[in-house]
Participant: 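So that we are looking at the same thing, I have put the structure below in structure tokens.
Hydrogens, waters and symmetry mates are skipped; everything else that's a heavy atom, side chains included, is used. Throughout, protein chains are lettered first and strands after them, A, B, ... in sequence-line order, and every chain is numbered starting at 1.
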Amino acid sequence: MERKIIVTSALIYANAPVHIGHLVESIQTDVWVRFQKANGNQCLYFCADDTHGTPVMISAKKAGISPEQLIDRVHSQHLSDLKEFHIGFDNYYTTHSPENKQLSELFYSRLNEKGSIVKREVEQSYCPKCDMFLPDRFIRGTCPKCKSENQYGDSCDSCGSIYQSTELINPACATCGAEPVRKTSIHYFFKLADYQNQLKEIVSAGYTGKSVANKLEEWFSAGLRDWDISRDGPYFGFKIPGEENKFFYVWLDAPIGYVASCKNYCDKNELDFENLWNSGDYELYHFIGKDIVYFHALFWPAMLLGADFRVADKLFVHGFLNVNGKKMSKSKGTFIKAATYLKYLDPEFLRYYYAAKLTDGIEDIELSVDDFVGRTNSELVGKFANLASRSIPMLTGKLDSTLGELDGDGKTLIENLTAAKKAIMENYESLKFSAAVRQINALADEANRYVEQNQPWAMVKTDLEKTRTVLTAIINAVRILTIYLKPILPKYAEKVEKILNVENLKFADAEKLLVNHKINKFERLFERIDKKQVEKMIEESKDNCQPAAEIKNEDSIEPIAEECTIDDFAKIDMRIAKVLKAESVEGADKLLRLQLDLGNCQKEVLAGIAKAYKPDELVGKIVVCLANLKPRKMKFGVSEGMILAAGPGGKDIFVLSADSGVKPGQRVG
RNA sequence: GGCGGCGUAGCUCAGUUGGUUAGAGCAUGGGAUUCAUAAGCCCAGGGUCGUUGGUUCGAAUCCAACCGCCGCUACCA
């Protein structure tokens with residue numbers, strides 16, 4: 001009987017590009033979804049970008065664009081990267097959507113009606129200059145334990161200790177450098193403890209695997225605390241109904257994004273959302289990493305329960321990715337972006353490698369570069385692709401491209417292959433992909449041994465029809481192995497289907513035989529990895545690993561600022577100035593020291609334009625100077641004003657000038 | 001400090017309820033081949049299964065302590 005299944009993988013945060021760590025989960029989920037589909041089940045895969053919160057807001061500010069522009073751009077990058085890895089979403093949406101807003105408000109109002117929301121005053125760090133509350137990650141300072149400088153507000157990278165941001169020595173706002181103050185505000189809290197008993201029931205009914213359930217047991221016995229679900233503005237997110245400057249915390253609307261993505265899909269395809277999500281007709285599973293178990297095993301099901309939505313049947317939790325025995329590292333070049341990988345290597349190699357490593361457990365998985373290269377070349381290329389390559393061209397070249405029938409030995413081989421189907425499918429179903437890959441490899445070994453024992457290359461010289469019989473067995477083996485690998489290698493499977501002149505192989509086809517059938521010309525299925533490609537990829541990752549938002553983009557247009565009056569403008573005294581002298585500043589690579597003639601006075605200005613202009617180019621030039629700017633003491637001297645310029649930065653800075661005729665000292669207005 | 005997890009060949013990992021000489025792939029060495037993407041086949045070396053005790057006829061497997069790594073959490077049991 002056909003199963004109906006809805007699957008989600010964790011939403012990807014819109015602050016950075018997709019990297020090979022994200023891909024563990026995308027690939028795990030996609031393989032499982034493709035397995036379900038190839039097994040004749042209906043399976044829908046929903047995901048989205050997680051777009052709200054302070055980090056997105058600040059990244060957008062840094063890039064000089066609006067958060068909406070940032071998340072739009074990142075959304076298309078994410079989706080195209082993931083699609084290149086053949087992640088077959090049925091819908092990849094965004095949390096910044098009307099559906100998500102409406103659902104977030106619905107969840108909130110239902111939770112509120114149940115009395116699960118309370119208000120309470122909290123005291124937090126606040127940056128008076130940026131005019132906003134600061135999450136711990138946006139406070140930097142000296143670690144109170146080991147005195148390392150420039151550490152995050154919650155923990156120290158250097159000694160690993162955990163502390164409160166108030167304990168930091170010399171705390172500073174990460175964006176502007178100002179010292180944060182403590183400030184109180186009313187926050188909304190979700191009373192998680194109200195749902196403790198229901199959550200315990202869900203867990204004991206098998207919501208998670210055993211090791212995660214143990215972890216949850218710890219949390220239960222420690223007691224469930226209220227969860228702070230509001231943030232004060234400015235905050236990029238959804239406004240809390242009835243509030244002017246309060247927003248839902250990003251983690252409130254993020255998981256609702258699963259539901260919103262489903263809703264959006266239903267609306268687009270004229271399906272009944274209630275039936276899909278709430279009726280119980282569909283099995284419902286979330287794939288997540290172990291870092292977000294707390295949210296998905298406690299907050300999220302509690303929210304669903306409180307808002308009268310259906311809770312998922314199971315949580316599938318995986319571990320982290322390590323590369324060469326260590327956490328992914330930007331300095332080592334192992335923090336590899338999906339886009340960088342794609343420049344050098346075939347996405348199916350990574351799919352295969354991850355599948356070969358993934359189990360149903362929460363252990364971290366290890367990507368060892370040497371192992372990756374070795375395994376890809378020996379298994380994917382040497383066993384699977386080569387099995388096709390050593391049989392199919394012989395049939396097309398010497399035997400009219402036509403398969404014959406099987407003899408006794410051939411039948412034995414094929415029966416062994418089909419007999420393994422059940423166990424392989426069970427391993428796919430229970431997320432033991434590594435076991436499935438092992439089994440499939442053993443079958444490929446058997447098929448390669450069969451080739452060796454029958455020596456079609458010798459036989460073809462003496463007995464063509466017997467050779468056809470042998471090749472028919474081998475090519476049927478190729479076909480069955482392809483079926484087994486198809487969830488992992490969809491593109492490879494497509495190529496094989498084309499060569500074998502068959503359509504859309506499914507698991508049900510493993511019992512069928514392809515006999516007396518004409519096939520197409522062979523094409524190479526994979527190219528082996530040259531280790532140099534991997535080295536280049538790692539080399540490139542060493543430099544090129546800035547978050548997407550920090551990459552300057554020339555055509556990004558900053559949104560127009562808040563309205564101001566003519567009086568506001570009058571405060572700003574801009575004057576025409578002539579550059580009398582320009583010199584580089586020793587020890588500073590971005591600054592030039594300019595001597596400006598302002599008609600009745602001169603000013604010395606330090607301008608950050610050294611990357612764009614040489615000193616000589618500026619001498620004699622007419623520029624616009626902000627003349628009444630408070631002088632600022634800098635490391636290299638006092639700057640008495642600033643000159644106006646535009647552009648994204650670096651080499652692309654353009655100093656404003658004026659048409660001929662103006663005189664130094666004239667006011668701009 | 002507390003709780004949890006992990007520790008099997010140079011590397012990546014299997015090892016089902018305790019049961020013959022602990023397995024696979026990669027890497028290494030040798031051999032026979034040559035259809036194939038320097039692929040495939042056969043053979044070999046390589047492990048005190050973190051350490052030490054215990055339970056048992058029998059332990060990689062169960063128990064305890066310790067060591068090492070990782071995670072959560074913290075002066076509160």
Participant: Asp370(A): what forms a salt bridge (charged side-chain N to carboxylate O under 4.0 Å, His left out) with it, not counting sequence neighbours?
Facilitator: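 Partners of Asp370(A) under the salt bridge (charged side-chain N to carboxylate O under 4.0 Å, His left out) test: Lys531(A).
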
Participant: Does any part of the side chain of Val381(A), heavy atoms only, come nearer than 4.5 Å to the side chain of Asn386(A), both counted from C-beta?
Facilitator: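 Not in contact.
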
Participant: When you compare the side chain of Leu305(A) with that of Ile202(A), does any pair of heavy atoms fall below 4.5 Å?
Facilitator: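 A side-chain contact exists here, since the closest heavy-atom pair is under 4.5 Å.
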
Participant: Is there a side-chain contact between Lys215(A) and Tyr294(A) in this structure, where contact means two heavy atoms from C-beta onward sitting under 4.5 Å apart?
Facilitator: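 A side-chain contact is absent here, since even the closest heavy-atom pair is not under 4.5 Å.
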
Participant: With a 4.0 Å cutoff (strictly under), does any side-chain N or O of Arg375(A) reach OP1 or OP2 of rA27(B)?
Facilitator: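 Negative; the distance criterion is not met.
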
Participant: So, using side chain to side chain donor-acceptor pair (under 3.5 Å) as the criterion, who are the partners of Arg438(A) when residues are at least two apart?
Facilitator: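 Applying side chain to side chain donor-acceptor pair (under 3.5 Å) to Arg438(A) gives none.
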
Participant: Please tell me if the side chains of Leu224(A) and Leu199(A) come closer than 4.5 Å, counting only heavy atoms from C-beta onward.
Facilitator: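 A side-chain contact exists here, since the closest heavy-atom pair is under 4.5 Å.
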
Participant: Could you list all N or O pairs between the protein and nucleotides 34-37 of chain B that sit under 3.5 Å apart?
Facilitator:
residue: rC35(B); atom: O2; partner: Arg390(A); partner atom: NE; Å: 3.3
residue: rC35(B); atom: N3; partner: Arg390(A); partner atom: NE; Å: 3.4
residue: rC35(B); atom: N3; partner: Arg390(A); partner atom: NH2; Å: 2.7
residue: rC35(B); atom: N4; partner: Arg390(A); partner atom: NH2; Å: 3.1
residue: rA36(B); atom: O3'; partner: Ser389(A); partner atom: OG; Å: 3.2
residue: rA36(B); atom: O2'; partner: Asn386(A); partner atom: OD1; Å: 2.4
residue: rA36(B); atom: O2'; partner: Ser389(A); partner atom: OG; Å: 3.1
residue: rA36(B); atom: N3; partner: Asn386(A); partner atom: ND2; Å: 3.3
residue: rA36(B); atom: N3; partner: Arg390(A); partner atom: NE; Å: 3.3
residue: rU37(B); atom: O4'; partner: Arg524(A); partner atom: NH1; Å: 3.0
residue: rU37(B); atom: O4'; partner: Arg524(A); partner atom: NH2; Å: 3.3
residue: rU37(B); atom: N3; partner: Phe526(A); partner atom: O; Å: 2.5
residue: rU37(B); atom: O4; partner: Leu525(A); partner atom: N; Å: 3.0
residue: rU37(B); atom: O4; partner: Phe526(A); partner atom: N; Å: 3.0
residue: rU37(B); atom: O4; partner: Phe526(A); partner atom: O; Å: 3.1

Participant: What I'd like to find out is whether the side chain of Phe190(A) reaches to under 4.5 Å of the side chain of Asp226(A), using heavy atoms alone.
Facilitator: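 No; the side chains remain at least 4.5 Å from each other.
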
Participant: Can you sort out the partners of Glu405(A) under salt bridge (charged side-chain N to carboxylate O under 4.0 Å, His left out), two or more places apart, ordered by chain and number?
Facilitator: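 Partners of Glu405(A) under the salt bridge (charged side-chain N to carboxylate O under 4.0 Å, His left out) test: none.
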
Participant: Taking only residues two or more places apart in sequence, or in another chain, which ones meet Asp346(A) in a salt bridge (charged side-chain N to carboxylate O under 4.0 Å, His left out)?
Facilitator: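 Counting only residues at least two positions away or on another chain, Asp346(A) forms no salt bridge (charged side-chain N to carboxylate O under 4.0 Å, His left out).
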
Participant: Look for any protein N or O under 3.5 Å of an N or O in nucleotides 44-47 of chain B and output each such pair with its distance, or none.
Facilitator:
none

Participant: Would you tabulate the nitrogen or oxygen pairs shorter than 3.5 Å linking the protein to nucleotides 1-5 of chain B?
Facilitator:
residue: rC3(B); atom: O2'; partner: Glu218(A); partner atom: OE2; Å: 3.4
residue: rG4(B); atom: O4'; partner: Glu218(A); partner atom: OE2; Å: 3.3

Participant: Can you give me the dot-bracket string for RNA chain B, 5' to 3', counting Watson-Crick and G-U wobble pairs with both distances under 3.5 Å, using [ ] for crossing pairs and | for partners on another strand?
Facilitator: (((((((..((((.....[...)))).((((.........)))).....(((((..]....))))))))))))....

Participant: When you compare the protein's N or O atoms with those of nucleotides 9-11 of chain B, which come within less than 3.5 Å of each other, and at what distance?
Facilitator:
none

Participant: Using salt bridge (charged side-chain N to carboxylate O under 4.0 Å, His left out) as the criterion, list what pairs up with Arg524(A), not counting sequence neighbours.
Facilitator: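 Result, salt bridge (charged side-chain N to carboxylate O under 4.0 Å, His left out) vs Arg524(A): Glu527(A).
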
Participant: Can you pull out every ring pair (Phe, Tyr, Trp, His ring centres under 6.0 Å) where at least one residue sits in residues 353-411 of chain A? Sequence neighbours excluded, please.
Facilitator: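 Qualifying pairs: Tyr353(A)-Phe372(A).
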
Participant: Just by distance, do the side chain of Asp407(A) and the backbone of Gly410(A) share a donor-acceptor pair under 3.5 Å?
Facilitator: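 Yes.
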
Participant: Answer yes if the side chains of Gln124(A) and His187(A) hold a donor-acceptor pair under 3.5 Å, and no otherwise.
Facilitator: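 Yes - a donor-acceptor pair under 3.5 Å links their side chains.
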
Participant: Output all residues satisfying side chain to side chain donor-acceptor pair (under 3.5 Å) with Glu446(A), sequence neighbours left out; order by chain, then residue number.
Facilitator: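 Applying side chain to side chain donor-acceptor pair (under 3.5 Å) to Glu446(A) gives Asn416(A).
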
Participant: By nearest nucleotide on RNA chain B, pick out whichever of Tyr353(A) and Phe320(A) is the more 5' one.
Facilitator: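 Comparing both residues, the 5'-ward one is Tyr353(A).
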
Participant: Quick check on RNA chain B: between Asp445(A) and Ser378(A), whose nearest nucleotide comes earlier from the 5' end?
Facilitator: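 Whichever sits nearer the 5' end wins; that is Ser378(A).
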
